[in-house]
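Have a look at the structure below before the remarks.
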Amino acid sequence: MSDVRELVPTDFVTGTSAVCDAILRLRGDALVQELGRLARGLTASRHGRFVPGPGLVDPGLPGARVQRHAVAVGIEQFGWYEVSGGEQADASAHTLAALAHLTASLMQMHSLAQRSTHAYAQMEAQLAHQSQILDQIHESVLTMDQMGYITSWNRGAEQLFGYTSLEAVGRNILFLYADEDLGDEAGAVLPDQFAEHGGRMMEVKRRKKSGEVFWASLSLSPLRDLAERPSGLIAYLTDITERKQAEEQLHHLAYYDELTGLPNRTLFARLVDQALMVAQRNETAGCILFIDLNRFKRINDTLGRRIGDELLQQVGQRFKATLRDEDLVARLSGDEYAVGLADVRQHFEATTVAQKLQAALDAPFMIGGHDLRVGASIGISVYPQDGNDAETLLALADIAMERAKGDDANPDRSVAFYSQDMNKGMQERMRIESGLRHALGNGELTLYYQPKFEIASGRLVGAEALVRWMHPVRGIVPPSEFIPLAETTGLIVQVGEWVLEEACAQASIWQRSGIAPFRVAVNVSAREFTPSLPERVADTLRRYGLDPSWLELEITESTLMHDVDRVTAIMDRITALGVSLSLDDFGTGFSSLSYLKRFPIHTLKIDRSFTMGIPSDASDCAIAGTIVSMARQLCLRVIAEGVETLDQLAFLREAGCDEVQGYLYAAPLPAYEFEKALRENWLLVG
């Protein structure tokens with residue numbers, strides 16, 4: 001029965017499907033038997049078979065009883081078909097050839113599919129193997145594309161950051177950054193030249209899922225596609241927080257004083273040397289103050305080291321609180337400290353700082369129930385006069401400190417410069433400063449008044465109030481000696497307040513006595529020109545019942561150089577009171593003329609440095625003439641100070657100057673002498 005079934009002819013379409021199904025499903029002998037059966041069926045042959053494997057095949061002659069055909073594609077042979085006993089030999093040969101061709105094509109495709117499947121399986125196995133390796137190492141490894149979006153995230157990254165792969169992949173790398181690193185490193189992680197040509201290593205701060213910020217060692221390498229084009233980055237991160245903390249601790253131990261937390265001598269010297277390089281470029285001075293505490297050894301020996309250490313800590317805190325942020329303070333050793341001052345315009349500014357440091361020690365230190373008091377002797381060296389590096393300046397300041405400490409009169413207030421000339425000047429300056437403070441509280445200051453005349457009418461129109469110091473021993477101290485000192489020490493504010501008070505008090509006396517009003521000019525320094533000035537002026541006028549037309553404030557160009565809007569607002573408030581404003585020493589400063597029209601100024605004063613050269617100096621004449629011409633264009637009055645000759649007066653009259661003051665008419669006079677001359681109808685000379 002089975003033989004009869006096999007001999008039933010099968011159409012080629014059905015046979016084709018059967019061959020494809022057999023090659024896909026069967027292997028080995030089962031496939032060989034099924035292909036032989038299909039060959040017999042398609043060729044209607046009694047005997048037929050499929051022989052697997054390569055070999056030479058004799059196809060047989062047309063019409064022969066046995067037909068053979070190789071199952072091959074190109075040089076690759078899978079076997080051959082052999083059939084015999086067909087009823088139509090020629091038809092069988094054609095069918096057998098078609099069957100062989102179909103079988104070969106299907107076998108080739110199946111072979112390719114098997115190899116691809118095997119290669120894919122191998123690749124999957126390799127990737128799984130590599131993934132296992134990455135997950136086993138402790139280092140965190142992640143990849144990102146060229147826009148910084150994370151494309152892979154290993155288990156080490158999960159453990160380091162706390163984010164799972166699902167939470168991290170697809171997000172931009174910036175979400176891991178610590179806030180302070182966003183500005184500095186955002187560009188570093190995204191592609192740049194190192195992504196094109198090589199790796200990069202850095203130490204960075206990163207943030208974990210918990211919010212904890214940590215230090216990491218980051219290594220970046222380029223990720224490339226199959227065409228070797230950059231496609232992203234590979235990042236390797238390792239937590240180095242403990243190492244960084246250890247380094248910071250070592251750095252602190254190496255450069256900071258363990259007791260006070262202040263820089264030690266090594267760090268102080270480095271920072272000072274850096275500051276001196278800046279001072280050299282800016283052509284400014286620098287100073288080092290060497291400070292030695294008085295009476296500390298006795299306290300330390302008597303009360304013990306614990307009390308002594310606490311005292312040193314509190315001294316350091318007071319020094320730091322006294323100084324500006326840009327100043328340097330260090331503890332050198334024992335009870336010795338050092339201060340570095342950079343960008344110093346005048347070396348004697350260091351004296352003011354020294355006095356502030358000494359004053360900071362005036363209040364007692366309450367430690368362990370003890371009321372402790374210490375003072376300080378201070379030596380000063382100056383760059384570049386005394387030295388060009390920190391160690392040299394420190395050594396010389398130490399020598400100066402020993403000189404100061406030898407001042408038995410008051411070592412707690414003793415300050416000495418290394419240079420003898422500077423030391424002598426400093427001592428004189430300190431003497432004047434101390435005397436001026438005493439003068440303010442003991443009635444040694446007085447006002448003199450120098451008249452101002454109108455050129456056209458010859459009548460007196462005002463007077464400038466000038467402060468004089470009546471020293472009980474030296475007599476009258478010239479303003480040139482103490483006014484600059486008052487400016488640098490800040491005493492000018494107290495002096496200015498006293499002058500305004502005294503001038504308004506005297507003007508109110510003249511007002512009540514029936515004298516015709518005239519303007520009393522009071523000089524106001526830049527330090528005084530603050531938003532509180534208008535209220536102080538208003539309060540003074542109110543207390544003395546003085547009409548505002550009696551008062552004029554003279555300000556210098558330097559006052560106008562900073563924050564024009566703020567200065568203008570203060571001026572507007574003053575002029576709203578009815579008080580006049582005059583711009584003193586015009587032409588000597590650096591204010592922009594474009595701002596001048598914005599200020600509510602009534603008068604420009606030509607500085608005496610220009611008046612003195614008139615009329616012999618062509619430049620002075622040109623400057624004075626230009627100021628007068630410009631003032632007229634701006635509808636301002638002009639007054640020239642320092643007029644001493646008739647020739648000067650004639651030039652100024654011809655130029656169109658409105659007012660003059662100077663020794664040609666009168667020197668500054670005490671109030672009673674000024675009033676006497678005023679009542680005798682002061683007239684303009686010439």
Side-chain angles (χ1 to χ4, degrees), residues 179-181 183-184 205 248-249 251-293 311-333 335-363 365 374 376 378-384 389-391 393-394 397 401 415 487-493 525-527 529-532 558 561-563 566:
D179 294 339
E180 59 265 36
D181 286 343
D184 296 335
K205 283 184 177 180
E248 290 173 1
Q249 185 176 5
H251 180 272
H252 195 275
L253 292 173
Y255 294 109
Y256 289 87
D257 175 53
E258 184 178 4
L259 180 62
T260 63
L262 297 174
N264 60 16
R265 188 185 187 106
T266 301
L267 180 58
F268 179 77
R270 289 190 178 185
L271 295 176
V272 167
D273 282 333
Q274 292 174 7
L276 293 181
M277 292 175 64
V278 176
Q280 183 181 25
R281 289 196 298 268
N282 297 339
E283 296 183 350
T284 56
C287 296
I288 284 185
L289 284 64
F290 196 104
I291 307 165
D292 185 79
L293 300 183
L311 177 58
L312 292 174
Q313 290 174 344
Q314 292 193 23
V315 167
Q317 292 169 4
R318 289 194 187 182
F319 284 166
K320 191 172 182 179
T322 301
L323 298 166
R324 303 170 301 174
D325 291 339
E326 59 265 33
D327 297 330
L328 302 173
V329 59
R331 178 178 176 235
L332 303 180
S333 64
D335 60 351
E336 294 176 340
Y337 297 80
V339 169
L341 305 178
D343 196 23
V344 176
R345 300 296 171 180
Q346 299 289 338
H347 68 270
F348 57 73
E349 293 176 15
T351 311
T352 302
V353 176
Q355 291 173 320
K356 289 181 179 180
L357 293 171
Q358 290 172 329
L361 302 178
D362 287 345
F365 295 86
V374 293
I378 301 178
I380 305 173
S381 59
V382 180
Y383 165 87
D389 62 88
E391 285 300 335
L393 292 170
L394 268 174
M401 183 277 297
V415 180
E487 289 277 4
T488 58
T489 61
L491 282 174
I492 194 65
V493 175
S525 71
R527 285 177 178 262
F529 209 81
T530 63
S532 64
S558 61
M561 292 175 62
H562 307 288
D563 198 347
R566 182 185 69 87

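Values below: all heavy atoms of this structure, side chains included; hydrogens, waters and symmetry mates excluded.
- From Cys287, atom SG reaches atom CG of Leu341 across 6.0 Å, with rounding to the nearest 0.5 Å.
- Considering CG of Leu328 and CD of Gln274, their distance stands at 9.5 Å, rounded to 0.5 Å.
- Closest non-hydrogen pair, Tyr383 versus Gln280, comes out as OH-CB, 3.2 Å.
- The shortest side-chain heavy-atom distance between Phe365 and Arg318 falls under the 4.5 Å cut-off.
- Side-chain contact between Ile288 and Ile380 is absent, with no heavy-atom pair separated by less than 4.5 Å.
- In terms of modelled atom types and a separation under 3.5 Å, the side chain of Gln313 and the main chain of Leu259 share a donor-acceptor contact.
- Heavy-atom neighbours of Glu391 CD from other residues, nucleotides or ligands within 6.0 Å: above the threshold of 12.
- The main-chain N or O of Arg324 is found under 3.5 Å from a side-chain atom of Asp327 such that the two form a donor-acceptor pair.
- Annotation: the span from Glu487 atom CD to Arg527 atom CZ amounts to 7.0 Å, rounded to 0.5 Å.
- Side-chain contact between Leu262 and Tyr256: absent, with no pair of heavy atoms (C-beta onward) separated by less than 4.5 Å.
- Of the listed residues (Asp257, Leu357, Leu293, Leu332), just one forms a side chain to side chain contact (heavy atoms under 4.5 Å, CB included) with Tyr337, and that residue is Leu293.
- Closest approach of Pro263 and Val329 over heavy atoms only: CD-O, 3.2 Å.
- Here the closest non-hydrogen pair linking Thr530 and Arg566 is CA-NH1, 4.0 Å.
- Rounding to the nearest 0.5 Å places CG of Leu361 at 11.5 Å from CD of Gln314.
- Here the shortest heavy-atom pairing between Leu312 and Thr260 reads O-CG2, 3.8 Å.
- Judged purely by atom type and a 3.5 angstrom limit, Asn264 uses its side chain to pair as donor or acceptor with the backbone of Thr266.
- Within the structure, no pair that satisfies the salt bridge (charged side-chain N to carboxylate O under 4.0 Å, His left out) test touches residues 266-289, not counting sequence neighbours.
- Side-chain atoms of Gln358 and Val415, non-hydrogen and from C-beta on, do get closer than 4.5 Å to each other.
- Taking 4.5 Å as the limit, every side-chain heavy atom of Val339 sits out of range of all side-chain heavy atoms of Ile378.
- Under a cutoff of 6.0 Å and an axis angle of 45°, Arg265 and Tyr255 do not form a cation-pi pair.
- Note that CG of Leu394 and CG of Asp389 are 9.0 Å apart. Values are rounded to the nearest 0.5 Å.
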* Test Leu276 against Leu393 for side-chain contact (heavy atoms from CB on, under 4.5 Å), laying out the working first. => CA-CA 11 Å; Leu276 293 181; Leu393 292 170; 3.8 Å; yes

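- Taken to the nearest 0.5 Å, the NZ atom of Lys320 stands 9.0 Å off from the CG atom of Asp325.
- Closest approach of Ala376 to Ile291, counting heavy atoms only: CB-CG2, 3.7 Å.
- Leu289 approaches Ala350 most closely through the heavy-atom pair CD2-O, 4.0 Å.
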